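Here the structure is laid out as structure tokens; the discussion comes afterwards.
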Amino acid sequence: MSWSSGLPIKPIMGFCLRVGQLLSTCMSFSLGASLGIWKESLANWCVFIWCLCFAMSLITSIVELCGLQSHLPFSWDGFLYAYSFHFGIICIVTSLIFGTSYIQVFSPGPAQNRAITATAFSCVAALLYAIEVAWVCVRPGDMVCFVPTFPGVLRRLENYLACVIFPFISNTDLYQHQPALVWCVAVYSICFILGAVNYFVNGCDCDNDKTRLLPVPSLLWVQTVLSVLLYTTAVILWPLYQFHEKLGGQPQRSSDMSCSDQLTTFVCVWDQRLVVAILTAINLLVYVADMVYLILEAFVWTEAQPRDSGFFSPAVSSPTSDVP
């Protein structure tokens, strides 16, 4: 990007978006921190996400202002596309979690207004990240944006659901008392790490280089099959030990004291247990769909060789043609 060749529309637009992202995320974590709800694990997680978004936007701004992007070993436009896409998703999910958990806790007044404003600025940050995704796609350059394939959508969804689970299990009181529940938390972490490894090995969607250092098809098969097996144990153990009374669980919401406490969050401890159980089941279904697609692609469609190359067709793609 050159600042001296004609009208510098690309750096100016990028700079404006970055300033907006910095201001909105700064306002979100400042207002969230000012509410004094540090004992709440969900609040800590939301503030951490906003701080992370602010830090990444600041680093990206410094790199662009110093002109360092041309010295990096990957496509800068591709990085901006992936970074903005994922942070936009993270910000909108954080807005939903924080808004539904804390706005209704406070009575009308300054505290509730700060919670509403923090949520609103988080939504603004998500919108600015979405605008940057669109801007990277339409502006002049080498970046070629594509419609993700069906398995690519599934692998993204696997990681997104894991990211939504993590804020709810950040409350260690949910699982520390029971080794089986600690195993479930380990399952969520292991599967997310495997997905992240597959994501980074495939180049983070940043470039079109197909040279791989690792045998990605084998890695993808190992990740998917292992995740299905691990999530199967979690989908059984988590509800069993959280809601079965003989195993120390609480089958009724009314039996949880935190749900009757007016000073607690709208999403009480029992609700957090239920949300994790539902998200675990959904993510298991996504992993199963991913595994079924891989099986069909490897043993059925490779022989049939269909002509169409639409959203569900594997004719023009391998299992790693669209990475998460």
Side-chain angles (χ1 to χ4, degrees), residues 40-46 48-49 52 85-102 119 122 126 151-178 180-196 198-199 223-244 247 249-253 256 258-259 264-293 324:
E40 297 289 343
S41 57
L42 283 177
N44 291 336
W45 184 268
C46 293
F48 167 75
I49 291 297
L52 177 64
F85 183 86
H86 292 294
F87 274 70
I89 297 290
I90 290 174
C91 278
I92 197 63
V93 170
T94 304
S95 304
L96 292 173
I97 293 175
F98 188 85
T100 56
S101 300
Y102 296 103
T119 305
S122 183
V153 171
L154 290 178
R155 288 156 207 162
R156 287 178 173 86
L157 187 58
E158 292 161 1
N159 289 338
Y160 293 152
L161 287 172
C163 288
V164 178
I165 289 175
F166 285 137
F168 294 99
I169 61 175
S170 60
N171 181 5
T172 56
D173 293 335
L174 290 179
Y175 57 87
Q176 273 190 338
H177 62 283
Q178 183 56 253
L181 298 176
V182 175
W183 164 256
C184 293
V185 174
V187 166
Y188 304 137
S189 303
I190 292 170
C191 293
F192 178 78
I193 291 172
L194 288 174
N198 180 54
Y199 174 76
Q223 175 213 338
T224 306
V225 174
L226 183 60
S227 297
V228 168
L229 295 176
L230 291 176
Y231 259 87
T232 300
T233 65
V235 84
I236 296 172
L237 294 176
W238 184 270
L240 192 63
Y241 283 88
Q242 293 288 11
F243 303 116
H244 198 287
L247 295 175
Q250 295 174 315
Q252 300 295 330
R253 189 177 189 271
D256 191 339
S258 68
C259 296
T264 191
T265 62
F266 180 67
V267 182
C268 64
V269 174
W270 194 91
D271 295 330
Q272 294 175 26
R273 296 183 178 122
L274 180 62
V275 169
V276 173
I278 293 173
L279 292 175
T280 301
I282 294 174
N283 216 6
L284 175 60
L285 293 176
V286 176
Y287 276 113
V288 169
D290 192 4
M291 185 176 68
V292 169
Y293 191 95

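Quick caveat: nothing in here was measured; it's all calculated off a predicted structure.
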Practice problem: Compare all side-chain heavy atoms of Ile97 with those of Cys46 and state whether any distance is below 4.5 angstrom. | Solution: yes
Quiz item: Any side-chain heavy atom of Ile90 within less than 4.5 Å of one from Tyr160?
Solution: no
Practice problem: Specify the closest pair of heavy atoms between Gln223 and Leu194, including all atoms of both residues, with the distance to one decimal. | Solution: CG-CB, 3.7 Å
Quiz item: Could you give the distance from CG (Asn283) to CG (Asp290), rounded to the nearest 0.5 Å?
Solution: 10.5 Å
Quiz item: Are the side chains of Leu52 and Phe87 in touch, meaning some heavy atoms are under 4.5 Å apart?
Solution: yes
Practice problem: Supply the atom-to-atom distance Ile49 CD1 to Asn44 CG, rounded to the nearest 0.5 angstrom. | Solution: 12.0 Å
Exercise. Find the distance between OG1 (Thr224) and CD (Glu158) and round it off to the nearest 0.5 Å.
Key: 6.0 Å
Self-check item: Which atom of Cys91 lies closest to which atom of Ser122, heavy atoms considered
Solution: O-OG, 3.2 Å
Practice problem: Please determine which of Thr280, Leu284, Leu279 meets the side-chain contact (heavy atoms from CB on, under 4.5 Å) test together with Leu161. | Solution: Leu279
Exercise. Step through the shown structure and confirm whether more than 12 heavy atoms of other residues, nucleotides or ligands are within 6.0 Å of CZ on Phe48.
Key: no
Quiz item: Are any non-hydrogen side-chain atoms of Tyr188 and Leu230 less than 4.5 angstrom apart?
Solution: no
Quiz item: Between Ala234 and Cys184, which heavy-atom pair has the shortest distance, and what is it?
Solution: CA-SG, 3.9 Å
Self-check item: Mutual orientation of the aromatic rings belonging to Tyr287 and Tyr231 [parallel < 30°, tilted 30-60°, perpendicular > 60°]
Solution: tilted
Quiz item: Side chains of Gln176 and Val182: does their closest heavy-atom pair fall under 4.5 Å?
Solution: no
Quiz prompt | Heavy-atom closest pair, residues Val228 and Thr232 | solution = O-OG1, 2.6 Å
Exercise. State, yes or no, whether a side-chain contact exists between Leu181 and Leu237 at a heavy-atom distance under 4.5 Å.
Key: no
Quiz item: Is there a donor-acceptor contact under 3.5 Å from the side chain of Trp238 to the main chain of Arg273?
Solution: yes
Quiz prompt | For the student: nearest non-hydrogen atoms of Thr119 and Phe98, plus distance | solution = OG1-CD2, 3.4 Å
Quiz item: Do the side chains of Gln242 and Gln272 get nearer than 4.5 Å, heavy atoms only?
Solution: no
Quiz item: Given side chains that start at C-beta, do those of Tyr293 and Val288 come closer than 4.5 Å, heavy atoms only?
Solution: no
Quiz item: Aromatic ring centroids of Tyr241 and Tyr175 under 6.0 Å?
Solution: no
Exercise. Find the distance between OG (Ser227) and CZ (Phe192) and round it off to the nearest 0.5 Å.
Key: 12.0 Å
Quiz prompt | Pairwise distance CD1(Ile89) to OG1(Thr94) - rounded to 0.5 angstrom | solution = 11.0 Å
